[in-house]
Trainee: 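Here you go, one structure.
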Amino acid sequence: MYIGDTSDGTGLHHMVFEVVDNAIDEALAGHCDEIKIIIHADNSISVTDNGRGIPVGIKFDDKFEPKRSAAEIVMTVLHAGGKFNQNSYKVSGGLHGVGVSCVNGLSEWLKLLICRDGKKYELEFQRGSLVNRITEKQNGVEVSPAKLIGETAKRGTEVHFLADSEIFGTIDFHYEILAKRLRELSFLNNGVKIELLDQRTGKSENFAHSGGVRGFVEYMNRSKAVLHSKTFHAFGEAGVVSVEVAMQWNDSYSEVVQCFTNNIPQRDGGTHLTGLRMAMTRVINKYIEENDLAKKAKVETSGDDMREGLTCVLSVKVPEPKFSSQTKDKLVSSEVQPAVQEIVAEKLSEYLLENPVEAKTICGKIIEAARAREAARKARELTRRKGVLDGIGLPGKLADCQEKDPALSELYLVEGDSAGGSAKQGRDRKFQAILPLKGKILNVEKARFEKLIASQEIATLITVLGTGIGKEEYSAEKLRYHRIIIMTDADVDGAHIRTLLLTFFYRQMPELVERGHIYIAQPPLYKIKHGKEERYLKDEQELKSYMLSIALKEAAFYPTEQSEGIRAEALSEIARQFFVAEAVIDRLSSYVFPEALKALLTESDLAIDDEKQTRRTVELIQNACKGIIRVNLEKDEAGENIICLERNLHGNISKTQMNREFFHGMDYQQINQISKTMSALKGANSFVFRGDQKKTVIDFTQAIQWLIDEAKKGVSIQRYKGLGEMNPEQLWETTMDVKNRTLLRVKIEDAIEADEIFTTLMGDIVEPRRLFIEQNALGVKNLDV
Amino acid sequence: MSSGKPPIVTCPTCGKEHAWNSSNRYRPFCSERCKLIDLGKWANEEYRVEQREADHGAPEDLQA
């Protein structure tokens, strides 16, 4: 006799389920639609159904003396219930195959109340034996009928029992354990109303879950983010086997599949689950293949990929099912597998065809899972490469430093072999190590190239860093250099490689960024020779201010012949304002035509709030841009003025505009500032001096242009296209020598930004990618070290 | 890291948003799985950037 463990509570609760299953059998046979379970205050349990009532007639073939009623036999003889006879119930559950007699045997007392054919009968038992037996003679035979206690209009059976505490130790029932199984049963037996009432606490619940297994699946997914609203549902019969299955995917990675045979759960699946899996794998793979869904992802989907995020209830009803053990954890009936396979294959194909949106979503999830599986495999391959984990045998291309203390050591990651060679020669080998990294270039289309870091290079990098990679092996503590300096060309391609490396560090070794181990070298972009002076300048900005300082040397501007000359600091301040405004115009020129913006420099305090202001502004732009740009005044939805600019270039019409906000914004303020200054400097006969040279000019703009042109005459500017153009000494002097160099320390915010840029670069969205390339931006804030 | 609120980052693999938190050992990813997928992509040479000037030496490989 098996009724589960008597000490941990499973057996105790199974007592209830055994009784409920009898009622469910009545429901399955179509005779019952209401079941009520009460946990009484004394922990006794009653289960009432509105079925036909257990038969009470005398079994004349009973060998027992006196001959007993059918009800008594059911309650006292093992394996005597209707469920053990295929003719009584076509299919039948029963948790552990022992029937309700087992429950009776394990109860201190049990009262059976039967309403049948208008009459009410009662049978009472103690520890499995009938008490208060009545005997009488029927047709001369000694019989023991059920006790008739009255008339009733109702029908059904009530089993009320108190589990034997001597056997179970504790007989404390857990509401939740009962509720969970009853909920299950209400889903699996569509339409049966099951009520649970706990008189100890007053808690009660009505399980009237319609929707069958589909409702069950949706209930299980209720707090998950589901990927498709229309749940797959199939019902069908093949021979004597009936199959019902529902499936819905959510965004998680775990699978929840519940299998039932005749309402009994199978923890370990079995032939029904095998049939489901085979049908799913075949049908979904076929669909993916026929619709070319996995082509782009270049993966093959497997049955396992289909399990991620799947919630599924599979319920089969089989006469005389076979299980691998008495606990029915696994179904072994062989006829079930082809039945499930056939029904699921047919219905799932239909579902995919009829619901293309759902089909695409589900297949997308499955392909994603396949890609994840593939990626994990590749990642494992990478970590198993020689040297990546053991750290022994540093790669030959590394020029290591003599210093062994990581805190004092630096590693330069240099793109390109020639620059790597220069760096190796120019470095201070005492504490500077060099690792040349070679980007791999692929020709993806005729004129399009892509660059990447080969996996071998990544493996090399990890080996050199010493940190290892992956969940188990990675440790930031093992870092061999506390300064990792990324040194790439100062052009767009260099910026791309730098972004790629930063993204790798940010994603796979974020601690290195957090702890401030990652730096960016700042190689100069220009070399300037002015007389005997030689200078390296890191960017356009530095070049401009350097040129300005030369241009303004010994320079003076005279707005009129009579006025005082403006020179030195005063002149440089005006020039600074001028260049700020010019930079603003330059930046805005992708949104507004620069000609129109430059027009704004000629007058100050412009606005378009009222009629008069607007007319003045429009006329100003019209006059300045005559023949180039058409200027129209329009209104936006809010009724505000907008200046619309239209340019016709060989039939290509482009439009830009200036709105009210623009004139109130920071950008215009900067333009306005210099236009004010310049209008104050307007004179009839302006001229400018530089040393002993003099030039008559119409305004300040012309003056500054002349000064810069003059300055350029004595200066030679060399622009470095790449690190490779510098010789080892220059590279050392400008970029590696601690005394001169400027390093940018990468902060986590910078790395996040790099990651975003990278994501944009990787993405299919063309516009932000183009914008990025134009701006060539990697906003690393300056931090001198 | 600067003081103040931790930055909100999106998991590079699945796109879920979460706050940067050093107790999440898989940061900036949301999970071990997402981080592993990313590593797999590096290993599989899936991460590429556009190369503007092809004059940095001839392309090594002509595969698409």
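No experiment lies behind these values; they were computed from the predicted model shown. Lettering follows sequence order; numbering is per chain, from 1.
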Trainee: Can you tell me if A:R507 and B:Y47 form a side-chain donor-acceptor pair at under 3.5 Å?
Mentor: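 Yes.
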Trainee: Is the closest side-chain heavy-atom distance between A:D755 and B:P28 below 4.5 Å?
Mentor: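 A:D755 does not reach B:P28 side chain to side chain.
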Trainee: Does the separation of the ring centres of A:Y506 and B:W20 fall below 6.0 angstrom?
Mentor: yes
Trainee: Taking every heavy-atom pair that is under 4.5 Å apart, which of B:S31, B:G40, B:C34 has the most such pairs with chain A?
Mentor: B:G40
Trainee: Taking it one step at a time, do A:I469 and B:L39 satisfy side-chain contact (heavy atoms from CB on, under 4.5 Å)?
Mentor: CA-CA 9 Å; A:I469 196 87; B:L39 183 59; 3.8 Å; yes
Trainee: With rounding to the nearest 0.5 Å, note down the distance linking CG in B:D38 to CD in A:Q508.
Mentor: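 Those atoms lie 5.0 Å apart.
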Trainee: Given a strict heavy-atom distance threshold of 4.5 Å, which part of A:R373 is in contact with chain B: side chain, backbone, both, or neither?
Mentor: neither
Trainee: Rounded to the nearest 0.5 Å, what separation is found between the CG atom of B:L36 and the CZ atom of A:R377?
Mentor: 12.0 Å
Trainee: Strictly below 4.0 Å, N to O, side chains only: are A:E511 and B:R25 in salt-bridge contact?
Mentor: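 B:R25 and A:E511: not salt-bridged.
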Trainee: Select one option (side chain, backbone, both, neither) describing which atoms of A:S418 are under 4.5 Å from chain B's heavy atoms.
Mentor: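 Answer is neither: A:S418 stays 4.5 Å or more from chain B.
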Trainee: To the closest 0.5 Å, what do you measure between CD (A:E374) and CD1 (B:I37)?
Mentor: 11.5 Å
Trainee: Just wondering, do A:L452 and B:W42 contact through their side chains at under 4.5 Å, heavy atoms?
Mentor: no
Trainee: Is a salt bridge present between B:R27 and A:E514, judged by a nitrogen-to-oxygen distance below 4.0 Å?
Mentor: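 Yes.
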Trainee: Under a 4.5 Å cut-off applied to non-hydrogen side-chain atoms, are B:R48 and A:L442 in contact?
Mentor: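 The answer is yes; the side chains approach within 4.5 Å.
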Trainee: Check this for me: does any side-chain nitrogen of one of B:E45 and A:K378 sit under 4.0 Å from a carboxylate oxygen of the other?
Mentor: no
Trainee: Can you tell me if CD on A:E381 sees more than 12 non-hydrogen neighbours from other groups inside 6.0 Å?
Mentor: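 Above 12, so yes.
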